[in-house]
**Student:** 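The following block contains the structure, expressed as structure tokens.
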Amino acid sequence: MVLASCGVGTALGAPADTMEQRVAPCLACHGETGADLESGYAPRLHGKPAGYLFNQLVNFREGRRYNHAMNLMVAHLSDAYLWEMSEFFAEAEAPYADPVTTPAGSETLRRGRQLATEGDAALNIPSCQSCHGERLTGVEPNTPGLVGLPRFYIMAQLGAWRAGTRRAAEPDCMHDIANSLSGSDTQAVATWLASQPVPEDPSPAQEPAVEPPMECGSVNLPGYEQ
Amino acid sequence: MIKKLFLLLALTGPFAVAVAQPAESDDDIAWGEYLTRIGNCAGCHTATGGEAFAGGRPVESQFGTFFTPNITPDPETGIGNWTQEQFWRALHEGKRADGKAMYPACPYPNFTRVQRSDVDAIYAYLRTVPAVKQENREHDLDFVASMRSLVSVWQALFFKPGVYEIDSGHDGRWNRGAYLVEGLAHCNACHSERNAFGASRAGDNAPGARIREWYAPSLYSSEEAGLQGWPVEKGAELLRTGKADDASTMGPMADVVYHSLQYLTEEDALAMAEYLHLLPNQQVESTVRLLSVSKPRLETMQAAGGKIYEESCQDCHGAEGEGSIAAPALAGNRAVLMRDPTNVVNIIREGGYPPATAGNPRPFGMPPFSHLSVEELAAVVTYIRTSWGNDAPPVSTANVR
């Protein structure tokens, strides 16, 4: 594992009155491809739906999502500013790294693929695709892509949802889904997702392909009443 | 501001509750909301991510952890049944509705300075916030402190109720500032060390206090957080916007500006800054024992720190510590020079943003350098404390852990 360092190598040049300079503290850890850190994994933010990023920033600020560094970082930032940061990263483009395949048995990959593309009706688990888009690159405005993320990051998030250290605005559908996944299912779906190449068009879908199977909560965007 | 009081008498049976219901105008309630913000009541009485004023926020102290109570108008779990008189006694005398003494974790030694009409306005406002049913959590205190009966003894020793009295030797603005700083804004609840019994030491050369692993610097020293050396306008700007020239509020003070002080009217901010500007400027007691560093060791640390500075800090803070649009100057910066290195170490290690306020809505921020080892951290802190004319004592690894 390569340990990247927060705060080093952001290489922004001379400070200027730009949004990029304003998000320098973010870029220190959230590089273009994400980074393994001693304290965990900092996912890439580039190209993710703005609504998704905004929800995460507000969740960190309001204590629904726990990460010590992030909780401190956004503690005194306004909705308007967090939204501006979210839009900045949503519009930023960056190449994806090649997927990392973890040695896994064919049964694990088969089950992971099944959960991601079909779900498991018997266990009341919808497929990932039904909300996160057919290409699994996310759906505007609030649903993130699931490809281009490392296996252990996906597993950590599903675990955090089960443990309640990652929460979303009610109804917190991912909490319910994570609780329905067994340990081996969690591992299977994370392994399969992490092994998928990122499609040529990595941008989030504009609309869901099918009627989403569950209602998921999100916070109001600044200036909008939902 | 004296309100006509309508007493609703319990006429319908033993379970109807008689609560004094003062008739309040919208102006009074708006004034109460303003005062509630300046007192930062929500800052303690709202848990992170919790309902406003419903309490449950942990407040760490030398005696254990206090959990703030619910002050929403819920009659069972909040203060919905409190009369205006009971609310006044709480803030003025530190007494709960049942007459028992309140722990001074609630800064009523400051709130007692607040005049009756202002307390009544806060009461009126708090009756308009959404009622939340949320049971209070028991404080988690050590054995002696958990005996509430001792709090009355504490009050007898350390607490003297009394509304602020105008000092005719000063003008109206100074008096307004004194009223706010000593009273509602309760600045010294954090900016003055507490004695062994938890009472704030005030008006002397006490150092600041430790708050959530930060150091709240003394307001009585221009080398710490004192505003004696600043123009009054600059002090007011820092209070309202969280930033003034090369000074920024970070850590717990950023919380205070974000939730409370940014709502100050310009007049009140100027008044507070004027009062703080005119506080006596003195040498405060040392808060830390800095281990001495030998000359060869100092030179090694400066060389190592200078290299880190060049690689990671210089782009924003400048080759001569002169700062840039995105980062404050470090040359001459008293957050760097202050004897106690706690805050500068926290800022480097954790990074963060000053508060986003109306006057500074899109602050630049500091990246976290959490990967630095204690040796590297001590080296870079020592480097910035001893370069470009800065002349603060070096900081050894023992002081940055």
Side-chain angles (χ1 to χ4, degrees), chain A residues 3-31 35-40 42 57-85 88 167-169 219, chain B residues 46-51 56-57 212-214 242 248-260 262 308 311-319 323-327 346-358 360-373 376 380:
Chain A
L3 294 177
S5 297
C6 289
V8 175
T10 50
L12 286 171
D17 190 0
T18 61
M19 196 57 201
E20 190 179 21
Q21 182 66 50
R22 286 186 161 77
V23 299
C26 319
L27 293 167
C29 297
H30 297 275
D36 292 344
L37 308 171
E38 284 175 71
S39 56
L57 292 169
V58 171
N59 290 344
F60 279 124
R61 190 187 63 197
E62 305 298 325
R64 280 190 292 266
R65 194 172 167 184
Y66 179 76
N67 173 282
H68 186 64
M70 282 305 302
N71 296 132
L72 292 175
M73 196 56 71
V74 299
H76 335 104
L77 299 183
S78 65
D79 282 1
Y81 197 30
L82 293 177
W83 175 244
E84 195 181 348
M85 291 177 168
F88 173 85
R167 287 176 290 146
V219 298
Chain B
T46 305
T48 305
E51 304 283 348
R57 186 181 193 87
R212 296 187 349 230
E213 298 179 36
W214 289 71
S248 300
T249 56
M250 301 287 275
M253 190 62 194
D255 280 343
V256 174
V257 171
Y258 184 69
H259 293 290
S260 170
Q262 68 162 313
I308 296 168
E311 284 169 6
S312 303
C313 319
Q314 185 171 301
D315 281 355
C316 290
H317 288 287
S324 72
I325 185 169
N346 285 350
I347 291 167
I348 296 171
R349 195 179 258 155
E350 298 173 358
Y353 284 87
T357 58
N360 185 31
R362 304 162 74 229
F364 290 98
M366 168 82 179
F369 289 83
S370 50
H371 63 286
L372 292 179
S373 67
E376 291 170 322
V380 76

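Convention: sequence-line order gives letters A, B, ...; per-chain numbering from 1.
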**Student:** Picking from A:Gly63, A:Ser78, A:Ala80, which has the most non-hydrogen pairs under 4.5 angstrom with chain B?
**Tutor:** A:Ser78
**Student:** Can you find a heavy atom in the side chain of B:Val257 that is under 4.5 Å from one in the side chain of A:His76?
**Tutor:** no
**Student:** Rounded to the nearest 0.5 Å, how far does CD of A:Gln21 lie from OG of B:Ser324?
**Tutor:**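 One gets 6.5 Å once the value is rounded to the nearest 0.5 Å.
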**Student:** Which residue pairs pass the salt bridge (Lys or Arg N to Asp or Glu O under 4.0 Å) test when at least one of the two sits in residues 61-74 of chain A, sequence neighbours left out?
**Tutor:** A:Arg61-A:Asp79
**Student:** Quick one: are A:Tyr81 and B:Pro361 in side-chain contact, heavy atoms under 4.5 Å?
**Tutor:** no
**Student:** Is there a side-chain contact between B:Pro368 and A:Met73, using heavy atoms and a 4.5 Å cut-off?
**Tutor:**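 They are in side-chain contact.
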**Student:** Hey, does B:Pro363 have a side-chain heavy atom less than 4.5 Å from the side chain of A:Leu77?
**Tutor:** yes
**Student:** Could you check whether atom CD of B:Gln314 has more than 12 heavy atoms from other residues, nucleotides or ligands sitting under 6.0 Å from it?
**Tutor:**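 Yes, because the 6.0 Å sphere around CD of B:Gln314 holds more than 12 heavy atoms from other groups.
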**Student:** Does any backbone or side-chain atom of A:Leu72 lie under 4.5 Å from a heavy atom of chain B? Answer side chain, backbone, both or neither.
**Tutor:**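 Side chain only.
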**Student:** Where is the tightest heavy-atom contact between B:Cys316 and A:Pro15, given as atom of each residue plus distance?
**Tutor:** CA-CG, 3.7 Å
**Student:** Select, from B:Pro355, B:Ala254, B:Gly352, B:Gly365, the one with the greatest count of heavy-atom pairs under 4.5 Å involving chain A.
**Tutor:**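 Counting heavy-atom pairs under 4.5 Å, the top option is B:Ala254.
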**Student:** Can you name the closest pair of heavy atoms from B:Pro367 and A:Ala24 and give their distance?
**Tutor:**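 Of all heavy-atom pairs spanning B:Pro367 and A:Ala24, the closest is CG-O, 4.3 Å.
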**Student:** Would you kindly check if the NZ (Lys) or CZ (Arg) of A:Arg22 is within the cone defined by 45 degrees around the ring axis of B:Phe364 and under 6.0 Å from the six-membered ring centre?
**Tutor:** yes
**Student:** Residues in salt bridge (Lys or Arg N to Asp or Glu O under 4.0 Å) with B:Arg57, at least two apart?
**Tutor:**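 By the salt bridge (Lys or Arg N to Asp or Glu O under 4.0 Å) rule, B:Arg57 matches no residue at all.
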